[in-house]
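Following: one structure in structure tokens, then a few remarks.
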Amino acid sequence: MQKLLWKPLSTEQQVNSIIERSHEVPCLIFKHSTRCEISSIAKYRLEDDWAFTDQQIEAYYLDLINFRSISQHITETFEVHHESPQVLLISQGACIYDASHLDITVPELAEALPLVGTN
């Protein structure tokens, strides 16, 4: 089992960097509300079941409570409906997969990976 190493996401510039980075490796953005029990469950399940190396997926963590404007920027940039919690899988500069609430699972991410030609 791999250990999930979150990279904190706190600026709009980082979103632009993720877009660029996603041309080399798929990037996961996890939008987490620290005040929501379902969000905590989703985060725990990702961390507990994580099965990817940093070469397969780079994982970014956004604290929605402290960085609401970044969440809005992500919603607009990737043209997805805002949810909390939510994961977005970014590849080749675009969101190719998103899920929310208890649909956030490692097996679902593993199924989405072939869409980016990895795995």
Side-chain angles (χ1 to χ4, degrees):
M1 181 183 304
Q2 300 292 324
K3 180 172 168 91
L4 176 49
L5 301 174
W6 293 113
K7 296 179 181 193
L9 176 55
S10 59
T11 69
E12 288 186 15
Q13 179 56 40
Q14 283 179 286
V15 175
N16 296 334
S17 296
I18 289 169
I19 291 169
E20 291 303 314
R21 181 71 177 137
S22 75
H23 290 276
E24 297 173 32
V25 62
C27 296
L28 179 77
I29 297 173
F30 176 60
K31 294 167 55 175
H32 175 56
S33 171
T34 56
R35 297 181 187 158
C36 173
E37 185 175 327
I38 291 174
S39 192
S40 294
I41 291 168
K43 181 177 180 282
Y44 169 79
R45 287 180 4 177
L46 282 175
E47 292 171 342
D48 194 51
D49 296 338
W50 195 248
F52 309 106
T53 67
D54 285 347
Q55 292 77 36
Q56 291 173 300
I57 299 178
E58 284 188 7
Y60 294 83
Y61 168 94
L62 176 67
D63 177 341
L64 290 174
I65 303 303
N66 289 317
F67 300 102
R68 289 187 187 277
S69 64
I70 306 306
S71 175
Q72 182 62 33
H73 179 69
I74 289 168
T75 297
E76 293 168 0
T77 299
F78 297 109
E79 300 178 347
V80 295
H81 181 73
H82 168 75
E83 298 281 350
S84 172
Q86 183 176 36
V87 292
L88 292 81
L89 187 59
I90 313 302
S91 179
Q92 302 300 314
C95 179
I96 60 152
Y97 171 82
D98 71 278
S100 65
H101 297 83
L102 296 180
D103 289 336
I104 299 171
T105 67
V106 168
E108 290 290 325
L109 287 172
E111 284 186 32
L113 274 182
L115 299 175
V116 298
T118 61
N119 196 10

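Under the 4.5 Å side-chain criterion, counting only non-hydrogen atoms from C-beta, Leu102 is in contact with Ile41. For the pair Ile70 and Glu12, the minimum side-chain heavy-atom distance is below 4.5 Å. Ile29 has its side chain within reach of Phe78: a pair of non-hydrogen atoms, C-beta onward, lies under 4.5 Å apart. Using a 4.5 Å cut-off on side-chain heavy atoms (C-beta onward), Asn16 and His73 make contact. The shortest distance between side-chain heavy atoms of Leu46 and Trp6 falls below 4.5 Å. Side-chain contact between Asp98 and Gln86: present, with at least one pair of heavy atoms (C-beta onward) separated by less than 4.5 Å. Residues Pro85 and Ile38 have side chains in contact (heavy-atom distance under 4.5 Å, counting atoms from C-beta outward).
Between Lys7 atom NZ and Ser17 atom OG the span is 10.5 Å, to the nearest 0.5 Å. Here the OG1-CD1 distance, from Thr77 to Ile19, works out to 5.5 Å after rounding to the nearest 0.5 Å. Rounding to the nearest 0.5 angstrom, the gap separating the NE2 atom in His101 from the CD atom in Glu83 is 5.5 Å. Considering NZ of Lys3 and CG of Asp54, their distance stands at 12.0 Å, rounded to 0.5 Å. Atom-to-atom distance recorded for Leu5:CG and Glu47:CD is 10.0 Å, nearest 0.5 angstrom. Atoms CD and CG, on Gln72 and Leu64 in that order, are 11.0 Å from each other to the nearest 0.5 Å.
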Evaluate the side chain to side chain contact (heavy atoms under 4.5 Å, CB included) criterion for residues Leu88 and Tyr60: first the C-alpha distance (whole Å), next the side-chain angles of each, then the deciding distance (0.1 Å), finally the verdict. CA-CA 10 Å; Leu88 292 81; Tyr60 294 83; over 6 Å; no

Any chance you could lay out the side chain to side chain contact (heavy atoms under 4.5 Å, CB included) test for Gln2 and Val106, step after step, and finish with the verdict? CA-CA 12 Å; Gln2 300 292 324; Val106 168; over 6 Å; no

Start with the C-alpha gap between Tyr61 and Lys43, add the side-chain angles, then the distance that decides, and say whether side chain to side chain contact (heavy atoms under 4.5 Å, CB included) holds. CA-CA 10 Å; Tyr61 168 94; Lys43 181 177 180 282; 3.5 Å; yes

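Distance alone, capped at 3.5 Å, is enough to place a donor-acceptor pair between the Gln56 side chain and the Thr53 backbone. A donor-acceptor pair under 3.5 Å links the side-chain atoms of Gln14 to the main chain of Pro8, judged by distance alone. Side chain of Ser71 to main chain of Phe67: no donor-acceptor pair is present (N/O by atom type, distance under 3.5 Å, no hydrogens or angles). In this structure, the side chain of Ser39 does not engage the main chain of Thr34 through any donor-acceptor pair within 3.5 Å.
Ile57 and Val25 fall into different hydrophobic clusters, where Ile, Leu, Val, Met, Phe, Trp and Tyr residues are linked whenever their side-chain heavy atoms come under 4.5 Å apart, directly or through other members.
Phe30 and His32 have parallel rings, their planes meeting at less than 30° on a 0 to 90° scale where 60° marks the start of perpendicular.
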